[in-house]
Every structure is written in structure tokens, then in C-alpha cells.
Amino acid sequence: TQLLEQSPQFLSIQEGENLTVYCNSSSVFSSLQWYRQEPGEGPVLLVTVVTGGEVKKLKRLTFQFGDARKDSSLHITAAQPGDTGLYLCAGLNSGYALNFGKGTSLLVTP
Amino acid sequence: SQTIHQWPATLVQPVGSPLSLECTVEGTSNPNLYWYRQAAGRGLQLLFYSVGIGQISSEVPQNLSASRPQDRQFILSSKKLLLSDSGFYLCAWSVGGGADHLRGYTFGSGTRLTVV
């Protein structure tokens with residue numbers, strides 16, 4: 001199983017601040033996905049990155065896939081309380097199922 | 001449109017009792033199906049996945065089993081629950097075939113299981 005390390009584990013910021021969370025592995029992935037999960041709910045897909053160096057934007061969220069396809073980052077500009085949640089990265093392992101990192105728990109306070 | 005149903009939402013069971021969690025998918029055929037467990041709001045641990053009726057792959061040796069009696073039905077079971085089986089259980093589906101990982105997984109709303 002290819003391990004995905006996410007950092008930081010916890011992040012508490014105020015509304016309007018910028019932040020970056022990271023997803024790293026020693027293995028190469030054909031693609032990586034980012035999900036957001038709210039308490040008591042299942043994760044929801046935000047984005048899939050496929051090409052090394054790829055950058056995708058989703059409103060105030062910017063996702064980047066590392067050139068070597070071993071890591072990814074998520075940058076949030078001007079965070080809002082609605083961004084609060086658990087952010088999970090996931091990549092396909094040698095089998096058929098996605099392998100998830102442990103996540104970054106983000107709290108944005110007004 | 002495709003939907004996934006998972007029930008019950010919460011469950012409190014005594015140690016040693018049996019377990020049956022059910023997940024059904026609508027609006028698609030031959031989906032890949034998955035059971036994950038999540039402890040204390042952290043990462044997801046893959047328990048089982050299935051790429052077809054009657055086909056089950058187990059990722060972690062444990063006190064649980066899974067079955068897929070119909071194309072869009074996935075069941076997680078245990079004969080005797082342990083305290084360590086407590087957690088948040090999530091069912092998910094994806095499009096079958098080699099490109100499913102590009103389209104992502106759709107998760108159910110989960111079952112919070114507490115074993116007492």
C-alpha cells in the first residue's frame with residue numbers, strides 16, 4: 001500500500017487568511033484526488049489531478065500536482081467559515097481501491 | 001442521476017452481537033463498491049471492495065465480512081462485534097472499469113457504530 005502523508009494534521013485560522021495543506025508520498029501516483037468531509041457526512045470529491053505540474057482552480061481553492069507526481073498541495077485564499085472540514089487526499093494503490101491520507105482538519109473562525 | 005443509500009445512520013450494539021449494514025446504489029449498473037472505516041474523524045481505512053456480484057476483496061484481516069448479493073447491493077456483516085469495531089463506516093461506489101479512479105468515489109452518508 002502506498003502511503004499518503006498529509007500535513008498539517010490540524011489547522012485553525014481566522015476568516016480571510018490564506019492557507020496551504022500538503023499531501024506527500026514516496027511513491028508515484030497516476031492521479032491524486034482531494035475530498036472534503038463535513039462532520040457526520042461522507043467525503044465529497046473536490047478535484048482530480050492527473051498530469052505532473054498540473055494546477056487546477058476551484059473558486060478560492062487551488063490544487064497542484066507535483067512534477068514527479070508524488071505530492072500535491074491545496075491552497076485556499078481568503079478562507080471562509082464554510083471551508084471548515086476535513087480535507088483528504090487519495091491516490092490509487094496497486095489494486096482497485098483508493099488509498100486515503102489521514103487528512104487535515106481545518107477550522108475557520110469568523 | 002446516481003444515488004447511494006446507506007443505513008442505519010447510527011447504531012449502538014453490545015459486544016458479541018451480530019452486525020449488518022446495508023448499502024444500495026441507484027441509477028448505475030455494475031458499479032465498483034467499497035466499504036471504508038473511519039476512526040475519530042481521521043483517514044479512511046479500506047475494508048472491502050467489489051468489482052462484481054459475488055466478488056469481494058478484503059484489505060484488512062478483521063472481525064468483519066462483506067457480501068454483494070446483487071449488482072447494486074453491498075452488505076457489511078459481523079457475527080460477533082468487538083469494542084474495536086466501533087467507528088464510522090462509509091460505503092462508496094465508483095464507475096466500473098479502469099478509469100474509475102479519475103472520476104472519483106461517491107460516498108454514502110455513513111453509519112456511526114458504537115459497540116458497548
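These numbers come from a predicted model, not from an experiment. Every chain is numbered from 1, with letters handed out A, B, ... down the list of sequences.
For A/Tyr87, no part sits under 4.5 Å from any heavy atom of chain B, backbone or side chain. The contact between A/Gln9 and chain B is made by backbone and side chain atoms together, counting heavy-atom distances below 4.5 Å.
Heavy-atom contacts from other residues, nucleotides or ligands closer than 6.0 Å to CD of A/Gln14 number 12 or fewer.
Side-chain contact between B/Phe107 and A/Leu45 is absent, with no heavy atoms from C-beta onward closer than 4.5 Å. Using a 4.5 Å heavy-atom cutoff, the side chains of A/Gln37 and B/Phe88 are in contact. Between A/Pro43 and B/Leu90, the closest side-chain pair of non-hydrogen atoms falls below 4.5 Å. Here the side chains of B/Glu59 and A/Asn99 are not in contact, with every heavy-atom distance at 4.5 Å or above.
A single hydrophobic cluster is seen to contain both B/Ile56 and B/Leu33, as judged by linkage of ILVMFWY side chains at heavy-atom distances under 4.5 Å, directly or through other members. Under a hydrophobic-cluster definition in which Ile, Leu, Val, Met, Phe, Trp and Tyr are linked whenever side-chain heavy atoms come within less than 4.5 Å, directly or via other members, A/Leu19 and A/Leu74 are assigned to the same cluster. A single hydrophobic cluster is seen to contain both B/Leu11 and B/Leu83, as judged by linkage of ILVMFWY side chains at heavy-atom distances under 4.5 Å, directly or through other members. No single ILVMFWY cluster, assembled from side-chain heavy atoms under 4.5 Å apart, contains both A/Val44 and B/Val25. Linking ILVMFWY side-chain heavy atoms closer than 4.5 Å, directly or via other members, places B/Leu81 and B/Val15 in a single hydrophobic cluster.
In terms of heavy atoms, B/Ser109 sits closest to A/Glu41 at CB-OE1, 3.9 Å.
Distance check, rounded to the nearest 0.5 Å: NZ of A/Lys102 to CD of B/Gln38 gives 12.5 Å.
Taking the ring centroids of A/Phe100 and B/Tyr36, they lie under the 6.0 Å cut-off.
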